[in-house]
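Not measured: the values here are computed from a predicted model.
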Amino acid sequence: MSSMVVTANGNDNKKFKGDDKMDGAPSRVLHIRKLPGEVTETEVIALGLPFGKVTNILMLKGKNQAFLELATEEAAITMVNYYSAVTPHLRNQPIYIQYSNHKELKTDNTLNQRAQAVLQAVTAVQTTNTPISGTTVSESAVTPAQSPVLRIIIDNMYYPVTLDVLHQIFSKFGAVLKIITFTKNNQFQALLQYGDPVNAQQAKLALDGQNIYNACCTLRIDFSKLVNLNVKYNNDKSRDYTRPDLPSGDGQPALDPAIAAAFAKETSLLGLPVAAVPGALSPLAIPNAAAAAAAAAAGRVGMPGVSAGGNTVLLVSNLNEEMVTPQSLFTLFGVYGDVQRVKILYNKKDSALIQMADGNQSQLAMSHLNGQKMYGKIIRVTLSKHQTVQLPREGLDDQGLTKDFGNSPLHRFKKPGSKNFQNIFPPSATLHLSNIPRDHKMALLQMSTVEEAIQALIDLHNYNLGENHHLRVSFSKSTI
């Protein structure tokens, strides 16, 4: 086959001016420039693989250029469109891709035999890979992955989902290089970067719409517009598994105060070698409660027996001691679990112990309420060393500082499968009101700040509206 040169709007004789021109008539042959001197054929081929089958390659090493031929013009157009929005990098150097004036490559000379051998080897690996479905990866199955970075949103987040749980689940589909977690629009979200867009696509196909735990924590997955994550700190909010030397950033403001150190005492991957190469498919087995939770998550099983280190008791500090009462703590923490007992400390009335029904509820309350403002003060919520909250001895008056709520009718999570499990959201300025008399109407109420909404929830939840109607108040993910 002879190579055919076509005129692309008079572009055939145009020298390549400007670093980001992607004009010219579409062709399945792409011209790649500004390649690093030491770059390999495999690396250039890998640029095209997420978009479709690569059928030919010609490296011009002396000129730091290459020609890449894809099986279809459609695949080449997808690739050019993608890389016009996101500058591709090889070995940390920006490179430039545009349509070639060649409609096909003629490379039957001996000089290009090595490249052809690499192409055949890469293609063989590509088509014999067996992804999760058990079918071989056909050309269409690997086309077109958008980015190696996935954006993950967790719906119905009844149990806390930690960075390590995400790592455990997504490592089944390839090497996870980086994860950043944050809260946006009152929803827990994460950005997760693979070494290869193909892994990202396989994970999206397999996991989108799945529940991490039984009937809750639903994964909604899409490709991010980012192709590389910049992680500054290795901690419970962000992690770069390729750089265990990063600082933890203690004292740095968290990405969002609503997500606190879930499993903070349990987890640290920093000292462990994580292979950042495709093929590192088996997640690390970390012998602690966080790993048990992560393993349960990866198997998508309910975890009644796995709680956050078994600890149900929270220590809440920096409370406004003039204002706080056991009842106000019961009401606020009751949004995230069934509070059993509350004890405001006699010798330190700005601190309290709160016992939840199980360890998952204590984790959930901690992750949502640490760093929130209550009665004008930013409260701190951590796991306590105590296993239970002791009630005062019979006949001993502790001035009403300890209260047992074990039999309270106001527990939100007594009924399995209750809708309350699905309507757990971080504190927000918008409140959801229900059980309003006359047709049991519901309403949304927008406060000016989250602190005001927290105050309103404490004051108005279970408010008697008459005729035995008690107002129910919770945080909403909506805004008005």
Side-chain angles (χ1 to χ4, degrees), residues 132 146-147 149-170 172-173 176 179-192 200-226 236-238 255-260 262-263 293-294 296-304 306 308 335-337 358 360-361 363-369 412-413 415-432 434 442 444 450 453 472-480:
I132 26 48
Q146 308 297 308
S147 158
V149 179
L150 294 174
R151 187 180 69 135
I152 301 156
I153 296 175
I154 310 288
D155 277 342
N156 300 335
M157 189 164 137
Y158 174 56
Y159 293 119
V161 175
T162 66
L163 185 145
D164 292 303
V165 166
L166 291 173
H167 184 265
Q168 185 95 5
I169 296 167
F170 282 82
K172 291 189 165 195
F173 303 95
V176 174
I179 305 177
I180 297 173
T181 63
F182 55 98
T183 292
K184 186 176 179 184
N185 301 330
N186 289 327
Q187 281 191 305
F188 179 85
Q189 302 193 22
L191 292 168
L192 182 145
Q201 191 178 40
Q202 290 177 354
K204 180 182 184 301
L205 285 171
L207 296 176
D208 190 23
Q210 296 273 8
N211 293 330
I212 298 177
Y213 304 113
N214 281 346
C216 69
C217 300
T218 308
L219 291 163
R220 287 206 289 120
I221 304 170
D222 218 330
F223 291 107
S224 169
K225 290 175 183 168
L226 301 168
D236 55 349
K237 314 249 183 344
S238 62
L255 285 165
D256 190 292
I259 309 175
F263 293 127
R300 288 192 282 287
V301 296
M303 17 181 308
V306 178
V335 172
Y336 300 105
D358 65 42
N360 291 310
Q361 292 182 5
Q363 283 290 349
L364 198 62
M366 179 173 77
S367 67
H368 282 310
L369 294 175
R412 296 176 188 240
F413 305 105
K415 290 182 187 167
S418 158
K419 276 192 177 175
N420 293 335
F421 285 93
Q422 296 171 24
N423 293 321
I424 295 176
F425 303 109
S428 67
T430 311
L431 294 172
H432 181 269
S434 59
M442 293 185 283
L444 290 176
V450 175
R472 296 186 61 80
V473 186
S474 53
F475 297 114
S476 171
K477 69 173 177 181
S478 307
T479 51
I480 301 173

Could you grab the distance from atom [atom1] of [X] to atom [atom2] of [Y], nearest 0.5 Å is fine?
X	Y	atom1	atom2	result
S474	L431	OG	CG	8.0 Å
F425	F188	CZ	CZ	15.0 Å
H432	K477	NE2	NZ	11.5 Å
N156	Q187	CG	CD	9.5 Å
Q202	K172	CD	NZ	14.0 Å
F413	D358	CZ	CG	10.5 Å

Can you name the nearest heavy-atom pair linking [X] to [Y], along with the distance?
X	Y	answer
F223	Q201	CZ-CA, 3.8 Å
P427	Y336	CD-OH, 3.1 Å
I154	C217	CG2-CA, 3.8 Å
Q361	G337	OE1-CA, 3.2 Å
P426	T183	CG-CG2, 4.5 Å
I221	A203	CD1-O, 4.4 Å

Exam field: side chain S428 to backbone S476, donor-acceptor pair closer than 3.5 Å: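 Judged by distance alone, yes, a pair lies under 3.5 Å.
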Donor-acceptor contact present, side-chain T181 to main-chain A190, <3.5 Å: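 Judged by distance alone, no pair lies under 3.5 Å.
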Is there side-chain contact between [X] and [Y], with at least one heavy-atom pair below 4.5 Å?
X	Y	answer
I152	L219	yes
L163	K237	no
L207	F173	yes
S147	L226	no
F475	T430	no
H368	I424	yes
L192	H167	no

Among D208, D155, N211, side chain to side chain donor-acceptor pair (under 3.5 Å) partner for T218: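 Checked D208, D155, N211 against T218; only one passes side chain to side chain donor-acceptor pair (under 3.5 Å): N211.
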